[in-house]
Structure formats: structure tokens, C-alpha cells
Participant: 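Here it is, the structure in full.
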Amino acid sequence: MRRPSWRDPRLGVGILLVVASVALGSWAVSRADATVEVYQADTALTPGDVVEVADLQVVQVRLDGVEGVYLVPGADLETAVITRTVGAGELVPLSSLGSQEQLELRPVQIAMSAAMQDLVTAGSRVELWVAMPDPTSPQGGLLAPELLVEDVEVRDVHADTSVFAGADSVQVQVLVHEDALPDLLAALAADGQVTIVPVLGGVG
């Protein structure tokens, strides 16, 4: 058997394969360790919220092309508002941002039993039912409840501080589409009893 020569083409091919495999491995490791900065919501952000850096935190993620999908540091937030709910701890999608003019939702405040607070929080989906006054009842009775608005998002829940409120009542701010707003406001103006009914599992 003859000793391999440096001029043997097989030796050159072998060296090129080794170099290529080392380079490919190094590239794969560097890509695996590469991260980019992306904004994450500290708390739940609901439609109508103005986007502020104070409500966000920067996290490092291993994602490609995040600049076109998620909100990154340095983006212009001057007129940005939330158009759909972003949960606490979630990355902020660019698709959840818009302008105030794009919002077709209006906040309306409705009283609710404090016992329901565990089921109704910011971002929850609820239904609004109404029982209108019965004009034939001398004792001020109510008609049978009817579904008034379905699939409504809760923007905020806070304590009822009015002098007429008891400790068992809270105020819920719901986001109602402008098309359903006239019926809801008419029911409230007519002293209809509006009840918030949570949709189980309905978190935006």
C-alpha cells in the first residue's frame, strides 16, 4: 500500500467536508444563541388602553422576523392604542395596535354583585341581560329578562364608591360595539335592570 499523497484529490475533499461541517455547526450554535428584544405586557391590556412603555417590559426571545410581528423597543407609540386584548405576560402583537379612530367600542359602566368578581375580570367575555319595568305591574315589577348584548369584553372592574352603593357591589366597565350602544343606553335610561352574565372560559 502506498502512503497517501498531498496531491490525492480524496484528501482535499475530506478536508473540505470537515471544514464545512465545523462551519455549519458553528453557525447553528450562533443562531440558537441569538436573541432579540421584544415588548411583553406587564398587566392585561384591553381595547382603548393607550400603549405606554411603563406598562411593558423588555424580554429576550429566540424568534426570527419579530420586527414584523411583535412590538419591539424603539417603535413609535405616540398614537398607539390597544384594539384587542393582550393578556399579562404575553408578547404584544402589532396586530393588537391601532389608532383611537379605529376603535368601534365604547365604554359603559354597569353595577355588578361583588360576589362575581372571581368570574369577571379585565379581559373577560360577558353577556348583558336586561329585565325591563313591567308597565302593568303596580308594584314596579319587571318583565322576563332578555339577552340585550352578547360577547361583550370587560375593560375594568373597580369598587363602587357612590354613597348609595353597598359593600356587595362593584362597577364593571364593559366595551360595547357602537351598533349595540343605543339599545343598552335606552334600557339604562328606562330603569331596566341590566345584569352582567359571565361566559365561562370567555377570556379575551
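Fair warning: this is a prediction, and the values are worked out from it, not measured in the lab.
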Participant: So, do Leu103 and Thr83 sit near enough that their side-chain heavy atoms are less than 4.5 Å apart?
Facilitator: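 Heavy-atom side-chain distance check passes, below 4.5 Å.
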Participant: Could you list the residues that satisfy side-chain hydrogen bond (donor to acceptor under 3.5 Å, both in side chains) with Glu178, not counting sequence neighbours?
Facilitator: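 Glu178 satisfies side-chain hydrogen bond (donor to acceptor under 3.5 Å, both in side chains) with Arg106 only.
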Participant: Going from CD on Gln109 to CG on Asp156, what distance comes out if it is rounded to the nearest 0.5 angstrom?
Facilitator: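 Atom-to-atom, Gln109:CD and Asp156:CG are 8.5 Å apart.
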Participant: Less than 4.5 Å apart, side chain to side chain, heavy atoms only: is that true for Val170 and Gln117?
Facilitator: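 Contact flag for Val170/Gln117 side chains = yes.
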Participant: Restricting to side-chain hydrogen bond (donor to acceptor under 3.5 Å, both in side chains), what partner residues turn up for Gln193, sequence neighbours left out?
Facilitator: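 Once residues adjacent in sequence are excluded, Gln193 has no partner under the side-chain hydrogen bond (donor to acceptor under 3.5 Å, both in side chains) criterion.
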Participant: Which heavy atom of Ser124 sits nearest to which heavy atom of Leu119, and what is that distance?
Facilitator: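 Result for this residue pair: OG-O, 3.7 Å.
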Participant: Hydrophobic cluster membership, with links at side-chain heavy-atom distances under 4.5 Å among I/L/V/M/F/W/Y: are Val176 and Val130 in one?
Facilitator: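 Yes; Val130 is reachable from Val176 via cluster members.
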Participant: Taking a hydrophobic cluster as the set of Ile, Leu, Val, Met, Phe, Trp and Tyr residues connected by side-chain heavy atoms closer than 4.5 Å, whether directly or through intermediates, do Val172 and Leu175 fall within one such cluster?
Facilitator: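 No.
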Participant: Determine, stepwise, if the pair Val126 / Val197 fulfils side-chain contact (heavy atoms from CB on, under 4.5 Å).
Facilitator: CA-CA 6 Å; Val126 299; Val197 179; over 6 Å; no
Participant: So, do Arg125 and Pro198 sit near enough that their side-chain heavy atoms are less than 4.5 Å apart?
Facilitator: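 Answer no - side chains too far apart.
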Participant: Please list, chain by chain and in numerical order, all residues satisfying side-chain hydrogen bond (donor to acceptor under 3.5 Å, both in side chains) with Ser137, sequence neighbours excluded.
Facilitator: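 Ser137: no side-chain hydrogen bond (donor to acceptor under 3.5 Å, both in side chains) contacts found.
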Participant: At their closest point, which heavy atom of Asp191 faces which heavy atom of Pro133, and how far apart are they?
Facilitator: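 Closest pair (atom of Asp191, atom of Pro133, distance): O-CG, 3.7 Å.
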Participant: Check the hydrophobic clustering (I, L, V, M, F, W, Y; side-chain heavy atoms under 4.5 Å; chains of links allowed) and say if Val152 and Trp129 are grouped together.
Facilitator: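 No, Val152 does not connect to Trp129 through the hydrophobic network.
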Participant: Below 4.5 Å, heavy atoms only, C-beta onward: do Val58 and Val38 meet side chain to side chain?
Facilitator: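 No, every pair of side-chain atoms sits at 4.5 Å or beyond.
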Participant: Are Leu147 and Val194 joined in one hydrophobic group, where the rule is that I, L, V, M, F, W and Y side chains link up if heavy atoms are under 4.5 Å apart?
Facilitator: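 In one cluster with Leu147: Val194, no.
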Participant: Could you please spell out the steps behind the side-chain contact (heavy atoms from CB on, under 4.5 Å) verdict for Val36 and Val72?
Facilitator: CA-CA 9 Å; Val36 293; Val72 298; over 6 Å; no
Participant: Between Leu128 and Thr195, does a side-chain contact (heavy atoms from CB on, under 4.5 Å) hold up when you go through it step by step?
Facilitator: CA-CA 6 Å; Leu128 302 181; Thr195 302; over 6 Å; no
Participant: Report the residues that fulfil side-chain hydrogen bond (donor to acceptor under 3.5 Å, both in side chains) with Gln100, sequence neighbours left out, ordered by chain and then residue number.
Facilitator: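 Checked Gln100 against side-chain hydrogen bond (donor to acceptor under 3.5 Å, both in side chains); zero matches.
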Participant: Tell me the closest heavy-atom pair linking Val86 and Ala41, and the distance in Å.
Facilitator: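 Looking at all heavy atoms of both residues, the shortest contact is CG1-CB, 4.1 Å.
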Participant: Taking the side chain as everything from C-beta on, heavy atoms only, tell me whether Val120 gets closer than 4.5 Å to Met112.
Facilitator: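 In short, these two side chains touch, coming nearer than 4.5 Å.
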Participant: Calculate, to the nearest 0.5 Å, the distance between atoms CD and CD belonging to Gln40 and Glu90 respectively.
Facilitator: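 So the CD of Gln40 and the CD of Glu90 are separated by 9.0 Å.
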Participant: Sequence neighbours excluded and cut-off under 3.5 Å, please list the side-chain donor-acceptor pairs for residues 42-51, or say none.
Facilitator:
| from | atom 1 | to | atom 2 | distance (Å) |
| --- | --- | --- | --- | --- |
| Asp42 | OD1 | Gln57 | NE2 | 3.3 |
| Thr46 | OG1 | Asp49 | OD2 | 3.3 |
| Asp49 | OD1 | Arg155 | NH2 | 2.8 |
| Asp49 | OD2 | Thr46 | N | 2.9 |

Participant: Only counting residues at least two apart or in another chain, list the ones meeting side chain to side chain contact (heavy atoms under 4.5 Å, CB included) with Glu146.
Facilitator: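 Scan of Glu146 (side chain to side chain contact (heavy atoms under 4.5 Å, CB included), adjacent residues dropped) gives none.
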Participant: Between the side chains of His158 and Gln171, does any donor sit under 3.5 Å from an acceptor?
Facilitator: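 On atom types as modelled, these side chains do not qualify, holding no pair under 3.5 Å.
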Participant: Flag yes if Val108 and Met132 sit in one hydrophobic cluster, no otherwise; membership is Ile, Leu, Val, Met, Phe, Trp, Tyr, and two members link when side-chain heavy atoms are under 4.5 Å apart.
Facilitator: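 In one cluster with Val108: Met132, yes.
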Participant: Within this structure, what is the CG-CG distance for the pair Leu56 and Leu71, rounded to the nearest 0.5 Å?
Facilitator: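 Between atom CG of Leu56 and atom CG of Leu71 there are 6.5 Å.
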Participant: I'd like to know whether Glu127 forms a side-chain contact (heavy atoms from CB on, under 4.5 Å) with Val199, so could you lay out the CA-CA distance, the side-chain angles of the two residues, the decisive distance to 0.1 Å, and finally the verdict.
Facilitator: CA-CA 7 Å; Glu127 296 175 342; Val199 177; 3.9 Å; yes
Participant: Which distance, rounded to the nearest 0.5 Å, do you find between the OH of Tyr39 and the CG of Asp55?
Facilitator: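 Here the interatomic distance stands at 11.0 Å.
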Participant: Please find the pair of heavy atoms, one from Val92 and one from Leu97, that lie closest to each other, and give the distance.
Facilitator: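 Closest pair (atom of Val92, atom of Leu97, distance): CG1-CD2, 4.2 Å.
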